[in-house]
Amino acid sequence: MENLASNKISIVDLATRNIIEEELDDDLVLEKIGGAGITKSLYDRFADEDPIVLGAGLLTGSLVPGSSLGVITAKSPLTGRVSHVPLSLDAGMELKYSGFDYIVIKGAADKPVYLWIHDGIADLNDAGDLWGKDVWAATDHIRDLMGDDLIQVLGIGEAGEKGSDLAQICINYWQSGDRMAFGNLFGKKRLKLIAIRGMGLLEIAEPEEFIEKCAGLLSAVKSGGAAGIRGIAAMAAAVGEEDLGGWLQPLTHKHMACFNTSVPTNTFVFLDEDPALLKETAVAEPGFLLTDISPLLKLKKLGLTASDACRVLKACATYGIDGASVAELSEKAGLTDPEAIKSSFPSLKGPVSSSGDAVFSPWAAIGNQEKDAWMRRQAVAYIFGIHPIFAQLAPELTEEKLLDISSIGTELELTSETLEEVIADITG
Amino acid sequence: MKENEPCNRSDDKGHPRIGIYIGRGTSHSWLWFVEVFDRIGFFDLAFLTETELRGDGLDRCDVLAMSGGDTFAIAKGLGPEGADKLARFIANGGLYIGSCAGAYLPLHSSKEHLNLFNFVPAKIANLTRTLPEARRLREKFCTAYGCAYIFHPVREAVRLTTNGFAPFKKAPSLDAPLYGGPPLIAGGSAQVLATYSGFTEKTVFLVDKKLASDTLLGKAAVIRQKMGQGYLHLYGPHFEHPRFTVANQLLTDAMLYDLRPDPVQIHETIASEEIICGEACRNLLKNIKREISNARIVAVGLETLPVQWTIGNKLYETAKIREFIEPVWRRIKRLEKLNRMRLLPGQAGRLLQVASETTALLREVKRDLKSGIDTLYKAKDLFERLNRTSALFLEIYFRTKRMGDSRIKEFRDGQQRLSSGFLPDHQGRVCLRRCRYRSP
């Protein structure tokens, strides 16, 4: 597969520390398209070895609006089902440009390790110095060690190391869409983190036409219903959830979008600094990036102030535990004191409803979508690599257009029949 | 023949053997010469340090390319032995190509070290005792020269007019970038091949426009001087800059024009030389790629930091680091396509060692910069290692590229007899319909 791909799959055996590479066959793309279609296929192939499969969508990292999504596919320790978890922010894009299209991690290491993915090289290194560090310290450590602050880190904290079934794989310092306790899987495999840097290039079969179509899609999205939505609070309101605007506004410093996503779905709040500050702050850790609506809504419902709720979520991120699950279990236990909630982390256990019953993380399941339509839209987003919340907000990104642009970019005949089959495969 | 088994060979003849000076005082611009020679298929390159040039390095060369850098440091590094070797090399029919600092070097001078290289009786028009006002880039604007100064009126692309004489016949006018190179006033028997005739949209004026015009326009940009049996070609602007293809063409045309009629005869038959292919080649390339990738990642990260180092008379920005890394990076991919490498014993180990040290040093520099620690000494060490890493890799790369077609066929036949055949299509295919985006 020469276009829109690095043409390489890495298969990492943590038990033997053996890493092999395979080419990404055109036939596999013709059959499974990409993203979750292929991660699921690779999962099935290595199912006996309890794999975690990472991959990028077919259009991830391209000029298609919202093309930020990567995906992790594994069996959820919470639900026992093979599930797909989103890689948002810049993680999906960096993976796409890392020199690998897909990474299969199988087996378990006998001592802590981390995986360093860069320029088509996958290195498994000892993580003795990292094990025991919280998510933030581990991210700082690896970025300092490798000398680059743009490295994307998918890592676990104490929750994952200690086997919590609510452990989350965090993205850099922030909460991710991992509601499936994949952090627990990392811990079991003694895989502290995966560090990714993508400085590769992608080739496009028909570049002029591809870019023209992308520009057309961007224009359509910008004049569509998603236009003007800025930040996590506005996004919640846009999909029919409670309006968090007034509650969160006093802390809001700025909004941040995931890679090439024209709606900023994340909001940075200042907790220990004036949110109105325009110049660079001197405070080392001034605040927190909110990336997940659900826990915010739940913590607000518990009666927490916005500041307390954000501090709880910051603690979740450093500990590496899913904030939505923490909020749900705190409600069940009647905990409303932020310090008591934080203290409860080590003893929290599932099951929780926040993991959902679907194959996709319910991270993007906001608002009142019709279930089947939502499932299909998620599947399309995870196959092509489109931010799933953005995909909901931007119906202009139709399946036909995504298929068309994929065929232009790859020179492969990707049909709607194939897409139907792949959707059925990953949602079945 | 088995994988990794040594073999003997002698190089194809017909191409000049070109020495490129990479020793003390040079900047990254020697890599521009590499790029141009690689493009036109001159693979017989030797990378010479000051020690090698003072030794017998030039004895095996038809051409010496001296790039930009710090002229004083180059002269000091070569010393009397180097000057003597260089003079003999040219007098015996060798061709000296000097660009920028390499053009200043052989001009008549009374200054210590520089006075060892009084080969060309030309003067420079940018020497002054009264320094004019710098309008911008003050840090790159001038260099002290005894009690006087050499000042640089403009930077970037300037317009040049050729005089119609061979070997500069192909283009009546062209653009080439000027990064501190001299405006020349030819004397004696020197032939002017091109003059400065105007400025371009890209020209950056470091002094008043009128002063820049007075200093540059009408002055010689390229001169050709006979010395004994050989020639010197001195270029004020960087004709070897890879983005200026017309200039590249003239430079190589001129080189071929003045090559000695009987090139040096090299029988590079080294019994212990290795050709590796298949799995062994892939593994070695992966190890090289790992180190270069790690270095490249830190280098990109460093470019966000506002730091510059003054090393000798030259200013180094963090962006210069990748000037050394990218030429290596691009060629790793070409060797991956070839799936074979030809190298001397120990070369790969030395390359990996230096590349690994370079990465470690880059990371140290990054950490120190973030901590506010002075990094000048480490930066000096860093650029030396970057230089060494690039040279070591390129030595292997060009040694591999020098495998002639007959040798490849012999090698392939041997492989096919003994194994299932390993060589993929070694011609990198180019598809013009494709494009790349998202530069790193």
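Lettering of chains follows the sequences in order, A, B, ..., and the numbering in each one begins at 1. Just so you know, these numbers use all the heavy atoms, side chains as well, and skip hydrogens, waters and symmetry mates.
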query: More than 12 foreign heavy atoms under 6.0 Å from CZ of B:Arg388: is that the case here?
result: no
- prompt: Heavy-atom count around B:Arg243 CZ within 6.0 Å, excluding the residue itself: above 12?
  reply: no
Say you draw a straight line from [atom1] of [X] to [atom2] of [Y]; how long is it, rounded to the nearest 0.5 Å?
| X | Y | atom1 | atom2 | answer |
| --- | --- | --- | --- | --- |
| B:Thr304 | A:Leu150 | OG1 | CG | 7.5 Å |
| B:Ser293 | A:Met199 | OG | CE | 6.5 Å |
| A:Leu145 | B:Asn294 | CG | CG | 9.5 Å |

- prompt: Can you name the residues that form a side chain to side chain contact (heavy atoms under 4.5 Å, CB included) with A:Thr16, not counting sequence neighbours?
  reply: A:Asp13, A:Asn18
field: For A:Glu212, side chain to side chain contact (heavy atoms under 4.5 Å, CB included) partners two or more places apart
entry: none
message: In the structure I gave you, are the side-chain heavy atoms of B:Arg296 and A:Asp119 within less than 4.5 Å of one another anywhere?
response: yes
- prompt: Can you tell if the side chain of A:Met146 reaches within under 4.5 Å of the side chain of B:Val298, non-hydrogen atoms only?
  reply: no
- request: Tell me the residues of residues 360-370 of chain B whose non-hydrogen atoms fall below 4.5 Å from those of chain A, in number order.
  value: B:Arg363, B:Lys366, B:Arg367, B:Lys370
- line: Checking heavy-atom separations under 4.5 Å from chain B, one finds in residues 19-30 of chain A A:Glu21
